[in-house]
Amino acid sequence: MSEISKAYEPQSVEDKWYQFWLDGKFFVADAKSPKPAYSIVIPPPNVTGVLTLGHVLNNTIQDILARKARMDGKEVLWLPGTDHAGIATQTVVERALKKSGEIKHRDDLGREKFLERVWEWKEKHGGIIIQQLKKLGASCDWTRERFTMDPEYSRCVQRVFVDLYKKGLIYRGKRMVNWCPASLTALSDEEVVMKEQKGFLYYFKVEVVGSAAAPAASADASSTEIPKVEREARSTAPEVGALPEEKIFLTIATTRPETIPGDTAVAVNPKDPRYAHLIGKHVLRPLPVELPREQKLIPIIGDDHVDFEFGTGVLKVTPAHDKADFEIGQRHKLPVIEVIAANGQMNDAAGADLRGLDRFKARKVAVEKLTELGALEKEEPYTNNVGYSERADVPIEPRLSEQWFLKYPSVEKARACVAQPSASDKTVAVVYATGNELSGKSIRELRKAALAYARQHHFIGIPFKNENSGILIRVGRQSLSHAFSNLGVANIRAVAVLPELIRTAIWLSSAPHEPANPQVKQVHRFVAALSITGELHRVLITAKEYWDGTVLYDHKTKKITFGGKSLEAHLPKEKLDTQPAPNAGIRLSELLENVNCGDEMKFHPDRWAKVYDHWMGGLQDWCVSRQLWWGHRIPVWRNGLEWTGEKRNKTFALLKKLKESNLDGVSWKLPKTGETKIIAAGTAMKQPDGSSKILEADMPIELIGVEISIAPGNENLVAEVEALGLTQDPDVLDTWFSSWLWPFATMGWPEQTDTLKKFYPTTDLVTGPDIIFFWVARMIMAGYEFMGDLPFQNVYFTGIIRDKQGRKMSKSLGNSPDPLDLIAKFGADALRFGVMRAAPLGQDILFDEQNVELGRNFCNKLWNACRFRQIQGGESQGEIDPKFLTSDDKWILLKLDQAIREMNSAFTGYKFSDATATLYRFFWSEYCDWYVEASKAILSSSSRGNEAQTEKTEIDQSLLTSAATNDNARKANTLAVIDFVLSHTLRLFHPFIPFISEELWHGMGYSADMPPNQGGKTIMFASWPKPFDDEFKNFYGLSERDEKFAEARNELVAQGRNLRREANIPANKKVKFIFKPANEIGANDLEVLKLLLNAEAIEVNPNFQPAKKVLAVRHPLGELFLPLEGLIDAEAEKARLKKEIEKYESEISKVEQKLANPNFAQKVPAQVLEEHRQRLIEWQNKLAHTQAALAGLQS
RNA sequence: GCGCGGUUAGCUCAGUGGUAGAGCAUUUGCUUCACACGCAAGGGGUCGCAGGUUCAAACCCUGCACCGCGCACCA
């Protein structure tokens, strides 16, 4: 740090380092690198979008992963880019052009001109979000930036279209689709969001007549039945009734009266006793009013779809404007009358009253008309769910139209590859084996014994039931031989307890066999826990289910070792050797740590896998065409003429020739029959020797061609084709039809590029759960279909950013802060740290600017901690001399070790908020608050030598275990420890706060100590800190005892500080303490005590007998007294002590009760028992001391 | 209707069976020579409710309530 300012100023630092990283090409991924690969593809933001907090969250996580991977020595590719975002972009541009008054509608410009304007817009605004990502610190390989409408990318999209067409998965059909009347395009089901809408349910009556042929006569005929209906109906359904004129009326409830002119039937449930007899009769549709009576007659039909609970149990059927009605219409061959035009206005068929009106206006008018006719019985408020266009935010209109559809490919594989959440985190029962069941000196003997044992106990061929899944697993002879071939003593010994293992195993997954074996129905995987001779083993069981039954196929064991408390908690060592405690078990997650259970992709959090699976189970064909201009135009040319016998022959002749000419990627289709043939691939297109003659203008042909439009050298072909009267389909493809190819289309597919070889499948994908169907699921399917492999190994779903009140961020609410403002105000690092700290895995994030402020404060703390080190001067000493290490030094090193371990485990579980919490706690609470403060005892003693000398004379020399020898050496050693800790800490920080960590890395001179490719140039490539091994700890003498001691002394400090406060001593006033040590205490520790207590002096007096007015704390390290010179509030102190006594008494009684329980001592693990006993003693001591203090105060 | 998540301090949230935690807010004291974007010491919780399992439950099981989300249906 050349200049040391008092506060960290990010603005002056961030741009400098970003440019430095770019100049150094540190983000560039080398596909030929020997290093292991790590890759992420960015979820491409909309090209004209601006950065939101959602992007900040998402991209910060990706950056953290990428930077961590680089420090782990991986070759990292973070591939950036943008999405053309069809509707969104087109809407934005169109709106802008309208606003500027240039156009009223995009037709005013025409397709070509309009697209030019969109491209202009894209050039102008497209880079904005990329620049913003750079501001955030994103370490993307910008040399590989992609756009979903890059020429090469477009080629991929067309190739995929043709490929799927050839496979028969893409087809054209006239169907009910979701139509957006604002954007004038079809939408996929996923682009429709259901919204609650308040409206009315209108009840109107229609007259029932006998039949269309002879309405009057039929009405008479039916009149004989009327009384019966009436009687029944009056009590249950007053909607049916006969008027005095003997007319019968049906009452229909609807929310959409404006569609009445489009009704072509009235439906009732055939099982509905009220109406069943009316089926086959007709009703008079009230609208349009001007139609002659016979044109108003529509039949009453019976259909199971009708819910007789709802409304009146009578449904009006509008096949043209409702999905369910359309299906009813299909079933009953009803005519379809379209009454709403594409733009949402009523058309001529809607009648004179409604024609030209907007659909909502028309609803009001229709109600008025019904009222005038006397048909409206009532209207009641009603709330229903209405589908809205996600983009345009207007209600969609179900509409019959011709669209392109895709049957999803590779569904089964894609569905099976995602690991389903294991049956929560169950406790797996541990199966115990003593090891005596099977004996043998060699593996060979063991195998023999195992086989004999299995025969003797009748395992072979016998099915055992797995209790957790109910699946029967049979142990075949082959099964055993598999177990034996997996060698390992434990693996073979497991045979003795196979029935028990099978019984208790936890089911993990069931999936199709891979590679596919037709004999195998599916493969089940289980895990069980086995303890043999005191060692815990994980047993993975794989069972192939054949069509005729299940056979245990294989099991494999692996020894599990635990460092942490979990093993202790669940499986105390002494229990492992002998009989198990009842309910002894181990957490499934612990058992499965670092295990790939055969599933290849993991979702984090895994509950999304369930959502994914559910969606994959109910796939509907994907409507991929959009009536837009901005996007990938569908590569289909046709002339639209009718198919006739004569032309049929001509076409066959043409196709024959086309086939001979081997057009690559071109297929043709006979419009009538729908039959598809493929024309073989080839290169003949590159020599268009008169093939244009083949095509003639009047041929009914549909050409589906990728090479037609994109093959280099074939640019003219489109013109040639079009010259023959064939025109390209005007529609474009759904944006997601290009996004779903993102993981490989960005890497050079279909060529087998080095990049693909090195970086596909990608390692992690980070995205929001809101696009799990739009994007993630489709990418998985595309990955399998076109790469034969899944696109990523892990998917991390972020939460959704909300405001403080939990509302979604939105422009209209004005609650979405601009991340760039936040960066300007607090710095990018602060924003990153603040957001990560508030973003736990799987939870939505309630964003508050305070988070960012906290991040800023934290960066400042880091800055100043380094500044403190700089002020101490002295070059980095490098080596730490173990002989000078104080208890504080050892303590902070152990804390650092713990922090590294915590960071690693946080990364393993993608728990970034845990990681930031660790960083915060370690650096602020442990390093700054305690270590740095304690280190001042040494650092300032040598700079103020004289003063220190006089202080030391007050210390009883006999109690000093190690007298200070060399102040300068001690100071240097302390600085070395500080440098060690800081240089490690900065590396732990780097993925989270890259700018400041880089600045300090250089400023502190740590880069100078490193080889160029390992941190010498940039902290980006400094190696990620490793936890300390035993050798390291032994060398520096780091032990739990040191840690405990330092902690005890800090506790004493806290208690001493508390005394000060109790005595109302201002923080800045130095006072004298008296210490009566229980054991020897080091000189340095005493000095630290003095410093941290802000004591004038500490008088060490082993024989001190407290006089009356003294405050005291008693602590395992000794007693600390504060003589009271001034006034204290004795009453307040007494009250505090009494409160403390109460607390101690309550704790003591709690522990005593537990210990008094005979079951407790008997059943509880020894360690826990001991803990309780110790705790009791501690509380009792504290109680005694506090009582003594109270007594002293009272006397 | 089906499914998922949540309910712990005033707020936002950690906490996988053994002594209830963090940050913010709050109270008090401190321009202590890295940092007032700071330091120190406090106060504050029947862990949504009710059962059950256990020697022991915020944690496991069952039911309920409330909040949020998703899917399906909705004339």
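Nothing here was measured: the structure is a model prediction, and the numbers come from that model.
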Visitor: What's the gap between B:C11 and B:C2 when it is taken at their P atoms, as a whole Å value?
Guide: 32 Å
Visitor: Would you mind reading off the distance between A:Phe858 atom CZ and B:A22 atom P, rounded to a whole angstrom?
Guide: 17 Å
Visitor: Can you name the one residue among A:Tyr910, A:Phe797, A:Phe912 that meets ring-ring contact (aromatic ring centres under 6.0 Å, His included) with A:His604?
Guide: A:Tyr910
Visitor: To the nearest Å, give me how far apart CE (A:Met194) and C1' (B:C69) are.
Guide: 16 Å
Visitor: OP1, OP2 of B:G42 versus side-chain N and O of A:Asn1058: anything below 4.0 Å?
Guide: yes
Visitor: Taking atom C1' in both B:C39 and B:C66, what distance in whole Å separates the two?
Guide: 43 Å
Visitor: Flag the pair A:Glu853 and A:Lys825 as a salt bridge only when some basic side-chain nitrogen lies within less than 4.0 angstrom of an acidic carboxylate oxygen.
Guide: no
Visitor: When you compare the side chain of A:Ile260 with that of A:Thr318, does any pair of heavy atoms fall below 4.5 Å?
Guide: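 Side-chain contact under 4.5 Å: no.
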Visitor: What residues form a side chain to side chain donor-acceptor pair (under 3.5 Å) with A:Asp189, not counting sequence neighbours?
Guide: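 Residues passing side chain to side chain donor-acceptor pair (under 3.5 Å) with A:Asp189: A:Asn178.
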Visitor: Is it true that a side-chain atom of A:Gln11 and a backbone atom of A:Ala824 form a donor plus acceptor pair closer than 3.5 Å?
Guide: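 Here the side-chain-to-backbone pair exists.
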Visitor: Less than 3.5 Å apart, any donor N or O on the side chain of A:Glu902 or A:Ser905 sitting next to an acceptor on the other?
Guide: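 No donor-acceptor contact under 3.5 Å links the two side chains.
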Visitor: Just verifying a value: how many Å separate A:Met836 CE and A:Asp914 CG, rounded to the nearest 0.5 Å?
Guide: 10.5 Å
Visitor: Decide, yes or no, whether a salt bridge links A:Glu1170 with A:Arg1175 under the criterion of side-chain N to carboxylate O below 4.0 Å.
Guide: no
Visitor: Rounded to the Å, how far apart are A:Asp929 CG and B:C39 P?
Guide: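 Checked: the CG to P distance equals 6 Å.
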Visitor: Whether A:Asn1159 contacts B:A56 is assessed here as follows: a side-chain N or O lying under 4.0 Å from the phosphate OP1 or OP2. Is that the case?
Guide: no
Visitor: Name the nucleic acid region contacted by A:Arg1060, choosing base, sugar-phosphate or nothing; use a 4.0 angstrom heavy-atom cut-off, strictly under.
Guide: nothing
Visitor: Between B:C55, B:G18, B:C35, spot the one nearest the side chain of A:Lys1154, thanks.
Guide: B:G18
Visitor: For residues 916-925 of chain A, which residues have at least one heavy atom under 4.0 Å from RNA chain B?
Guide: A:Tyr920, A:Trp924
Visitor: Report yes if a side-chain nitrogen or oxygen of A:His1172 is closer than 4.0 Å to either non-bridging phosphate oxygen (OP1 or OP2) of B:A56; otherwise report no.
Guide: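 Checking A:His1172 against B:A56: no side-chain N or O falls below 4.0 Å of OP1 or OP2.
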Visitor: Check this one for me: any side-chain N or O of A:Lys610 less than 4.0 Å away from OP1 or OP2 of B:C4?
Guide: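 So the side-chain polar atoms of A:Lys610 do come within 4.0 Å of the phosphate oxygens OP1 or OP2 of B:C4, strictly under.
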Visitor: Once you round it to whole Å, what is the distance between P of B:A57 and NZ of A:Lys1150?
Guide: 12 Å
Visitor: What's the CZ-C1' distance between A:Arg869 and B:C35, to the nearest Å?
Guide: 17 Å
Visitor: What is the distance, rounded to the nearest whole Å, between atom OH of A:Tyr8 and atom C1' of B:C37?
Guide: 13 Å
Visitor: Within residues 313-322 of chain A, which residues have any heavy atom lying less than 4.0 Å from an atom of RNA chain B?
Guide: A:Val314, A:Leu315
Visitor: With the side chain of A:Arg1175 defined as its heavy atoms from C-beta on, choose the nearest nucleotide among B:A34, B:U19, B:C71.
Guide: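 Selected nucleotide (nearest to the side chain): B:U19.
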Visitor: Does A:Lys861 make a side-chain N or O approach to OP1 or OP2 of B:C39 shorter than 4.0 Å?
Guide: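 For A:Lys861, the contact criterion (side-chain N or O under 4.0 Å from OP1 or OP2 of B:C39) is met.
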Visitor: Going by the rule side-chain contact (heavy atoms from CB on, under 4.5 Å), which residues pair with A:Asp272 if we only count those two or more places apart in sequence or in a different chain?
Guide: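 In terms of side-chain contact (heavy atoms from CB on, under 4.5 Å), with neighbours along the sequence ignored, A:Asp272 is linked to A:Asn269, A:Arg274, A:Tyr275, A:Phe308.
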Visitor: Strictly under 4.0 angstrom, non-hydrogen atoms only: write out the protein contact profile of nucleotides 5-10 of chain B, one letter per nucleotide from the 5' end, B, S or -.
Guide: SS----
Visitor: Can you find a side chain N or O atom of A:Arg856 that sits less than 4.0 Å from OP1 or OP2 on B:C37?
Guide: no
Visitor: Please determine if A:Asp263 and A:Lys316 form a salt bridge, counting it only when a charged side-chain N lies under 4.0 Å from a carboxylate O.
Guide: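 Between A:Lys316 and A:Asp263 there is a salt bridge, with a charged N closer than 4.0 Å to a carboxylate O.
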Visitor: Tell me whether the OP1 or OP2 atom of B:A36 has a side-chain N or O from A:Lys6 closer than 4.0 Å.
Guide: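 So the side-chain polar atoms of A:Lys6 do come within 4.0 Å of the phosphate oxygens OP1 or OP2 of B:A36, strictly under.
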Visitor: Under the 3.5 angstrom rule, does the side chain of A:Arg1057 hit a backbone N or O of A:Leu1092 as a donor-acceptor pair?
Guide: yes
Visitor: Closest to the A:Arg1057 side chain: B:A75, B:A40, B:A34?
Guide: B:A40
Visitor: Does B:C30 have a Watson-Crick or wobble mate here (both distances under 3.5 Å), and if so which one?
Guide: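 Across all strands, the one nucleotide that pairs with B:C30 is B:G38.
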Visitor: Distances under 3.5 Å between protein N/O atoms and the N/O atoms of nucleotides 25-30 of chain B, please, pair by pair.
Guide:
unit_1 : atom_1 : unit_2    : atom_2 : d
B:U28  : O2     : A:Arg1061 : NH1    : 2.8
B:G29  : O2'    : A:Ala1067 : N      : 3.3

Visitor: What is the separation between atom CG on A:Leu862 and atom P on B:C35, rounded to the nearest whole Å?
Guide: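 Interatomic distance, CG of A:Leu862 to P of B:C35: 15 Å.
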Visitor: A:Asn385 side chain: which of B:C74, B:C35, B:A40 is closest?
Guide: B:C74
Visitor: Between A:Glu1145 and A:Lys1143 (salt bridge meaning N to carboxylate O under 4.0 Å), is one present in this structure?
Guide: no
Visitor: Using atom CG of A:Leu854 as one end and atom P of B:A22 as the other, report the distance to the nearest whole Å.
Guide: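 Going from A:Leu854 (CG) to B:A22 (P), I get 15 Å.
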